[in-house]
Amino acid sequence: MNVTGFQAGDLLLPRQVDLTKWSVVACDQYTSQPEYWEAVDQLVGSAPSSLRLILPEALLGSPDGDRRIAAINEAMHRYQEQGIFAPYPHRYLYLERTQRDGAIRRGLMGVVDLEQYDYRPGSRSLVRATEGTVLERIPPRVKVRKDAPLELPHILLLIDDREKTVLEPLAARKGELEAVYDFPLMMDSGHLKGWLVDDEGAASLEAALARLADPAAFDAKYQVQGQGVLLFAVGDGNHSLATAKTCWEELKPSLSLAQRETHPARWALVEVVNLHDPALVFEPIHRVLFQVDPQDLLESLSRVHRVGDGEGPGQRLRWVSAQGEGVLRIEDPDSNLPVGTLQRFLDRYLEEKGGRVDYVHGEDVARRLGSQPHSMAFLLPAMAKEDLFPTVILDGALPRKTFSMGHAWDKRFYLEARAIR
């Protein structure tokens, strides 16, 4: 029995293509910067690219959405027929991502059992969401996935491996492993290298993950009882993983018990990263409001909460608009985190008054967007990454878009694929 819900996957890696043009950033980045995706499209041109296999969220909900989804499915079939993918059955992949700042983030590709993942509040599953899942965001993604023959992941799962027993031994042995790619990423986004994990490495990492999943060791580590083992916390791509789960649950009733054990749709391709990797930095995700009256928004906030300025107890929120910028202090917060207090207010305000919110990585971009007419940005502090697992274990999922693992250009880039049919 697999006690970790994670195993080697049947990987498909592109071959005989320009990998710099093939590999593009996660679809949920640059959602308010369509010019980024236009530049990527120009760079890729007619070359084979994962850009043709994904739907950037900047285009999600566009009038020609159905045509775009059909084109994605057609491109997946065409690439398969053209032999663009080289198969690597039942393998793990160790990778190193050099970020723009030169830091190297280690990762491990494999597949996670969707039967062990539950994004609902109060979950005690091995794999859990770290933020609230917005259910209305799932159906548009299901439309993209439900008929697709392939999946390309931007899902990052975090492990709380303080002793560095899972990925770091692979890093020490990478000179003994077979390298399968080594190339620069587009748009000044760093570099990516990948190695196939051998039998010795696979046995080592599986044993290390099993130790992290031991219930007695888990309870002692976090000083808890009856909370269930949290082995994997979803760091990025929770809505993509929730989409895979939804598609699996819809398919499952049509399968026999035996088929359910082996069907490829039961699994999702993911990258595992150690929370304690020095290159992994938690960045705040700022809120930018569009089609709003900044003065009215601030006055409404003052009516909902006791708002002060200067020194004193409470949660501080920095804001920027065309009228200037400032800092306000929430004296009666209704969440343990400033982002939670702000998000609850914004949800109510936008429902009542209208407008739109976007979640932006990078203070410079948030400032620029928030300074436009009829816009406003709230600049939020970063969360300490050491607080993530204890908070999720004890309190459940964080407010959505609480943190980001690095800047937009350091997000996961699509490269590997896997057949889900």
So, the side chain of [X] versus the backbone of [Y]: is there a donor-acceptor pair under 3.5 Å, distance only?
X	Y	value
K411	Q29	no
R128	V392	no
E96	K193	no
R418	P264	yes
T20	P184	yes
R329	D309	yes
R141	I138	no
K353	V292	no
H361	H407	no
R105	D410	yes

Does the side chain of [X] pick up a donor-acceptor pair with the side chain of [Y] at under 3.5 Å?
X	Y	answer
T130	N238	no
D198	Y94	no
Q42	E38	no
D296	Y349	yes
W267	Q7	no
N274	E168	yes
T165	D161	yes

[Y]/[X] salt bridge by N-O under 4.0 Å criterion:
X	Y	answer
D188	R100	yes
E74	R78	yes
E271	R106	no
E363	R318	yes
D118	K245	no

Interatomic distance, I285 atom CD1 to Q343 atom CD [nearest 0.5 angstrom]:
10.0 Å
R52 to Y414 six-membered ring, cation-pi geometry met (6.0 Å, 45°):
no
Whether over 12 other heavy atoms sit under 6.0 Å from E249 CD
yes
Please examine the side chains of L108 and Y92, heavy atoms only from C-beta on, and report whether any two atoms are closer than 4.5 Å.
yes
Side chain proximity check, F232 to I159, heavy atoms < 4.5 angstrom:
yes
Quick check: W22 with Y79 (ring centres under 6.0 Å apart)?
yes
Taking the six-membered ring for Trp and the single ring otherwise, decide whether the centroids of F389 and F218 are under 6.0 Å apart.
no
Relative to the ring of F183, is the ring of H191 parallel (under 30°), tilted (30 to 60°) or perpendicular (over 60°)?
tilted
Minimum heavy-atom separation for L269 to P153, with atom names?
O-CB, 2.9 Å
